[in-house]
S.K.: 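Shown below is the structure under consideration.
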Amino acid sequence: MYSRFNVKQFCQRKIRKIRHRKGYGVHSPFAYGLITKVIEEKSGYYAYKQIEDLHRTLHDRQNFNKRKCRLLFRLANRFKPRCIIECGSEDGYSTLYLQKGCPTARLFCIEPDPIRRATAEQLLMHLPGNVTYIDRTIPEGLSFLHGEELDQHLIYLHSLSDASQYQEAFEKISPHLCEKSIIIIDGIRQEKGIFRVWENFSRNEKIRVTFDLYNLAIAICNPKLNKQNYIGRKKKNCILFQLRKI
């Protein structure tokens with residue numbers, strides 16, 4: 001038999017879960033909308049089928065993170081940036097999702113690895129779009145592109161190997177943050193050092209709202225928003241979001 005205390009604890013846990021799942025308990029209209037209509041959106045898009053049919057045709061046994069790539073598509077589709085800067089290529093699949101999410105954007109993919117770049121370019125031939133590949137290191141590529149005075153941009157930083165590389169990338173990104181910048185960072189919890197570098201970057205005053213999705217982070221620069229940091233944790237079939245202090 002359960003004691004009255006255990007039953008009370010169980011009910012409290014369920015109430016907390018109901019309040020925070022799918023954005024409930026999140027008071028910011030912007031954050032609530034992004035959680036419910038983008039991060040946790042389950043609707044299908046025609047572009048998903050295009051890309052995933054192509055994947056099955058070309059690489060029957062090769063895997064890629066479909067859930068993450070679909071989120072990239074929805075973020076590009078939601079914010080509709082003028083320019084997308086992808087730091088890394090993931091063999092072209094993430095590039096395709098970003099490009100199809102906002103076909104009107106100028107998309108630059110910085111990829112110093114010639115093999116990865118060739119693989120991505122070959123893939124993009126099947127679903128062509130407005131994509132330019134930059135044969136430079138990520139810091140060099142970021143410096144080059146920001147010299148072009150690109151604004152209203154979405155930057156997707158692929159997983160890097162160590163904290164120093166993240167630090168260098170963030171140092172290149174920080175001076176060019178504007179009110180319509182969106183930054184997506186992968187691999188923030190590969191090691192403690194990388195997570196600390198991410199936390200320091202998220203304290204930048206131009207970054208107003210962040211979403212910590214465990215290994216992927218989203219940073220929004222919009223001066224109209226209050227400074228807030230949300231942390232999401234996967235619980236069965238939903239993500240619970242709570243405010244956290246940095």
Side-chain angles (χ1 to χ4, degrees), residues 9-42 65-79 87-88 94 97-98 101 154-160 162-163 165-167 169-170 173-174 177 179-246:
Q9 277 192 324
F10 175 80
C11 292
Q12 286 175 338
R13 285 197 300 271
K14 289 297 182 182
I15 290 170
R16 281 197 296 270
K17 182 174 179 178
I18 291 169
R19 285 184 62 231
H20 293 286
R21 74 184 298 271
K22 293 191 176 180
Y24 298 121
V26 175
H27 300 294
S28 162
F30 170 82
Y32 179 83
L34 197 69
I35 290 168
T36 56
K37 297 178 181 179
V38 180
I39 295 174
E40 290 221 315
E41 175 62 58
K42 298 296 190 290
N65 192 328
K66 187 187 299 184
R67 180 177 296 176
K68 180 178 68 179
C69 286
R70 287 182 171 189
L71 176 58
L72 294 175
F73 174 95
R74 295 195 299 272
L75 287 166
N77 185 259
R78 163 65 176 80
F79 291 104
C87 303
S94 54
Y97 278 92
L98 288 166
L154 181 152
I155 298 176
Y156 174 41
L157 186 63
H158 281 264
S159 180
L160 302 175
D162 57 53
Q165 290 189 347
Y166 281 90
Q167 181 64 43
F170 291 152
I173 292 169
S174 293
L177 295 176
E179 64 179 45
K180 293 185 178 180
S181 296
I182 312 297
I183 307 95
I184 307 165
I185 304 102
D186 198 8
I188 62 170
R189 279 191 170 79
Q190 293 177 89
E191 57 180 65
K192 290 182 180 179
I194 293 172
F195 187 72
R196 283 195 294 269
V197 170
W198 150 246
E199 282 192 314
N200 290 334
F201 177 65
S202 69
R203 293 188 182 99
N204 187 307
E205 191 56 31
K206 291 182 181 178
I207 295 175
R208 306 306 298 163
V209 180
T210 66
F211 296 87
D212 176 349
L213 306 180
Y214 189 71
N215 210 37
L216 188 80
I218 304 166
I220 312 292
C221 299
N222 183 336
K224 296 179 182 179
L225 300 173
N226 294 324
K227 186 79 172 173
Q228 292 179 321
N229 304 287
Y230 292 92
I231 184 167
R233 289 291 173 268
K234 186 73 176 177
K235 297 291 183 180
K236 294 185 178 179
N237 62 341
C238 68
I239 302 176
L240 310 186
F241 284 90
Q242 292 180 313
L243 276 171
R244 70 183 177 97
K245 294 181 179 180
I246 293 183

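Remember, it's a predicted structure, so these values are computed and weren't measured experimentally.
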S.K.: Does the side chain to side chain contact (heavy atoms under 4.5 Å, CB included) test come out yes or no for V197 and Q167, once each step is laid out?
M.R.: CA-CA 6 Å; V197 170; Q167 181 64 43; 3.4 Å; yes
S.K.: Is there a donor-acceptor contact under 3.5 Å from the side chain of K37 to the main chain of I35?
M.R.: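 No; judged by distance alone, with no hydrogens or angles, the pair does not exist.
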S.K.: Taking the six-membered ring for Trp, are Y97 and F73 parallel (under 30°), tilted (30 to 60°) or perpendicular (over 60°)?
M.R.: perpendicular
S.K.: Report yes if the side chains of I231 and Y214 come closer than 4.5 Å at any heavy-atom pair, otherwise no.
M.R.: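 No, side chains not in contact.
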S.K.: Assess the residue pair L213 and I39 against the criterion (side chain to side chain contact (heavy atoms under 4.5 Å, CB included)); give the C-alpha distance rounded to whole Å, side-chain angles, the decisive distance to 0.1 Å, and a yes or no.
M.R.: CA-CA 9 Å; L213 306 180; I39 295 174; 4.3 Å; yes
S.K.: I want to check something: taking the side chain as every heavy atom from C-beta on, are F211 and L216 in contact at a cut-off of under 4.5 Å?
M.R.: no
S.K.: Go through the steps for N77 and R74 under the test side-chain hydrogen bond (donor to acceptor under 3.5 Å, both in side chains), then give the verdict.
M.R.: CA-CA 5 Å; N77 185 259; R74 295 195 299 272; over 6 Å; no
S.K.: Is any side-chain heavy atom of Y156 closer than 4.5 Å to a side-chain heavy atom of C87?
M.R.: no
S.K.: Kindly compute the distance separating CD1 (I183) from SG (C221), expressed to the nearest 0.5 Å.
M.R.: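 Answer rounded to 0.5 Å: 4.0 Å.
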S.K.: Do you see a donor-acceptor pair shorter than 3.5 Å between the side chains of D186 and S159?
M.R.: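 S159 and D186 do not have a side-chain donor-acceptor pair below 3.5 Å.
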S.K.: Rounded to the nearest 0.5 Å, what separation is found between the NE2 atom of H158 and the CD1 atom of I185?
M.R.: 12.5 Å
S.K.: Could you check whether any side-chain heavy atom of K42 comes within less than 4.5 Å of a side-chain heavy atom of E40, counting everything from C-beta outward?
M.R.: yes
S.K.: Mind checking the CG-CZ spacing from L225 to F30? Nearest 0.5 Å is all I need.
M.R.: 5.5 Å
S.K.: Between CD1 of I194 and CG of N215, what distance do you get to the nearest 0.5 Å?
M.R.: 8.5 Å
S.K.: In Å and rounded to the nearest 0.5 Å, what is the CG to CD1 distance from L154 to I218?
M.R.: 9.5 Å
S.K.: Measure up the W198 and F170 rings against each other and bin them: parallel (under 30°), tilted (30 to 60°), perpendicular (over 60°).
M.R.: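 Judged by the thresholds at 30° and 60°, the geometry between W198 and F170 is tilted.
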S.K.: For R78, give me all partners under side-chain hydrogen bond (donor to acceptor under 3.5 Å, both in side chains), at least two apart in sequence or on another chain.
M.R.: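 Listed in chain order: nothing, the list is empty.
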S.K.: Is a side-chain donor or acceptor of Q190 paired with a backbone partner of L160 at a separation under 3.5 angstrom?
M.R.: yes
S.K.: For R189, which residues count as a side-chain hydrogen bond (donor to acceptor under 3.5 Å, both in side chains) partner, sequence neighbours excluded?
M.R.: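 Only D212 meet the side-chain hydrogen bond (donor to acceptor under 3.5 Å, both in side chains) criterion with R189.
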S.K.: For the atom pair CD1 (I182) and CD1 (I155), what is the distance rounded to the nearest 0.5 Å?
M.R.: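 Rounded to the nearest 0.5 Å, the CD1-CD1 separation comes out at 10.0 Å.
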S.K.: For atom NZ of K180, decide whether the heavy atoms of other residues, nucleotides or ligands shown that lie under 6.0 angstrom number more than 12.
M.R.: no
S.K.: Looking only at heavy atoms, which two atoms of F201 and S174 are closest? And how far apart?
M.R.: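 For F201 versus S174, the nearest heavy atoms are CE1-OG, 3.4 Å.
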S.K.: If you apply the rule side chain to side chain contact (heavy atoms under 4.5 Å, CB included), what do you find for E41 with L71, and how did you get there?
M.R.: CA-CA 9 Å; E41 175 62 58; L71 176 58; over 6 Å; no
S.K.: Dump the intermediate steps for side chain to side chain contact (heavy atoms under 4.5 Å, CB included) on L177 and N204, then the final yes or no.
M.R.: CA-CA 10 Å; L177 295 176; N204 187 307; 3.9 Å; yes
S.K.: Is there side-chain contact between I184 and L157, with heavy atoms separated by less than 4.5 Å?
M.R.: no
S.K.: State, to 0.1 Å, how close E179 and P223 come at their nearest heavy-atom pair, and which atoms those are.
M.R.: CB-CD, 3.3 Å
S.K.: Using the test salt bridge (charged side-chain N to carboxylate O under 4.0 Å, His left out), find all partners of R70 that sit at least two apart in sequence or belong to another chain.
M.R.: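 Counting only residues at least two positions away or on another chain, R70 forms a salt bridge (charged side-chain N to carboxylate O under 4.0 Å, His left out) with E52.
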